[in-house]
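We count ligands from 1, going down the list as the structure has it; atoms in each ligand are counted the same way. Positions are given from 1 along the sequence.
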Amino acid sequence: MYRPRRVGILTGGGDCPGLNAVIRGAVESCLSTGVQVYGLHDGWRGALTGEGRNLSYADVEGIQTEGGTILGSSRTNIMKGEDGPETVRMRMAQLGIEGLIAVGGDDTLGVANSLRKMGLNVIGVPKTIDNDLSCTDYTFGFDTASNIAMECIDRLHTTAESHSRCIVVECMGRHTGHIALQAGVAANSHLILIPEYPKTFDEIMRLVKSRHLHGENYTIITVAEGFELSHDDEKNLDVDQFGNKSLSEKGLAKELADMIEKEMRSDDTLPDECRKYECRYVVLGHIQRGGAPTAFDRVLGYRLGVKAGQMAVEKQYGKMVALSGVDIIAVELDNALSRKEVDEEFYAAAELLFK
Ligand code: F6P
C-alpha cells in the first residue's frame, strides 16, 4: 500500500515568538513536495508518547502572526530516563516518521545531537529569546523580546524621574546579556549589568552616587537575570530536567534595589536629599516571551522553517539551519551547540553611556 513520506516536527524548551512561523515554513515546504508533517505535542514529551497530529495547510494558515507554539512545549529531557532514545526510535517507526525537525535552544538541540549520534535522522532549528546560540547570527524571538523590554524601560524613565528614584529592571538572559544590552542601549539605561562583564557592587554604587552628585535625580539600571552578585552561590534554587536553575526565584532585581537604597541611606558623606533616595525594581519575566512576534522574527522563523523542511525532503539530516548575514544556511549540528556571548566591542560601546 502507498504510504506518503512523513517527517515530524516538535518545539521544545521555553516558548519563543516566531515558533509558529517556523512550523508554517516547514509545513509549506514539505507539503508542496507531497511530504507530510506530523506535529508532535509538547516538545520531546510528544516524541516519547507519539501524541500529535498531521498538519495541513489549513492548520498553519496565518499562524506566523501568533506568539507561542500551536504544538505546545515542555522541558522534558528524554536523555534522563534509560530508554528515552529507544522509545523515540520506536515511536518514529510506528508513526512512519523518517526524520525529526527539532526546534529549540541548547537543551533541545543537545538532545537532537545525541539522537543524531545514535543514528536517528534529525534537523535542528535554533530558537531562544536569549540569542545565545552560536553558528547563527540571530535567533528568532530575540528581536521581539528586546523590543518589549525596550518599551518597558522607556516607560520607566518618566516615573523614575518624577519620583527621583532608582529603578532596577531585570530582563531574561540565563547565561548571557543579549536582551539586557540590546534593550538597555536602545532605551537609554544608565547602567547595564550582564553576566559576561561582571561589575562589583562598589562599581555600581560609584556610578549611582556620581549621577546624583552631578545633579541627575534618577537612575535606570537594566540587569540580565544571569548577572551574579558575589554571594549568589548560596541560594538554593529549583532546577529543571536539564539542570537549569529557576532564575526568576533568585530575586536579583529586588536584592540589588534594596542594596542600593541601603547604601545610599547609610553613606553620611552624601547630601541629605541623596540619603532619602528610594529604589524600586521591575522583573519583566515572561512578558518578554509573550504575544505577537515582530516582522523580523516572523520572517526569520518562516525562512528557517522552509529551509528545515527542504532539508528533510532532501534527507539532509544531522544539520542545523542558521542565519548567516542575510542568508539561511545549514551548519553541522555538532558544531552549533556552544554559547554565543555578548561581543566585547558592543559592551565597550554601551559602557560609554554609563554616566
Ligand atoms: O531560555 C529562555 C528563557 O526565557 C530564559 O531567558 C529564562 O531564564 C528561562 O527561559 C525561563 O524558563 P521558564 O519559562 O521555564 O521559567
Visitor: Have R53 and H41 got a donor and an acceptor in their side chains that come within less than 3.5 Å?
Guide: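 Side-chain D/A pair, R53 to H41: present.
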Visitor: Identify all N/O pairs between ligand 1 and the protein with a separation under 3.5 Å and present them as a table of atom names and distances.
Guide:
unit_1, atom_1, unit_2, atom_2, d
ligand 1, 4 (O), R289, NH1, 2.9
ligand 1, 6 (O), D130, OD1, 2.8
ligand 1, 6 (O), D130, OD2, 3.1
ligand 1, 6 (O), G173, N, 3.4
ligand 1, 6 (O), E225, OE2, 3.2
ligand 1, 8 (O), E225, OE2, 2.5
ligand 1, 10 (O), R75, NH2, 3.1
ligand 1, 10 (O), R289, NH1, 3.0
ligand 1, 12 (O), R75, NH2, 2.9
ligand 1, 14 (O), H286, NE2, 2.9
ligand 1, 14 (O), R289, NH1, 3.1
ligand 1, 14 (O), R289, NH2, 2.9
ligand 1, 15 (O), R75, NE, 3.0
ligand 1, 15 (O), R75, NH2, 3.3
ligand 1, 16 (O), H286, NE2, 3.4

Visitor: Y218 vs H190 aromatic rings, parallel, tilted or perpendicular, using cut-offs 30° and 60°?
Guide: perpendicular
Visitor: Which Ile, Leu, Val, Met, Phe, Trp or Tyr residues join V306 in one cluster when any pair of side-chain heavy atoms under 4.5 Å counts as a link?
Guide: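 Other cluster members: Y302.
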Visitor: Just checking, is any N or O donor in the side chain of R45 or S74 under 3.5 Å from an acceptor N or O on the other one?
Guide: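 R45 vs S74: no donor-acceptor pair found between side chains.
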Visitor: Atom CG in D42, atom CG in L10: separation rounded to 0.5 Å?
Guide: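 The CG atom of L10 is 10.0 Å from CG of D42, to the nearest 0.5 Å.
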Visitor: Decide yes or no on side-chain hydrogen bond (donor to acceptor under 3.5 Å, both in side chains) for D202 and T200, but give the supporting numbers first.
Guide: CA-CA 5 Å; D202 284 350; T200 62; 5.2 Å; no
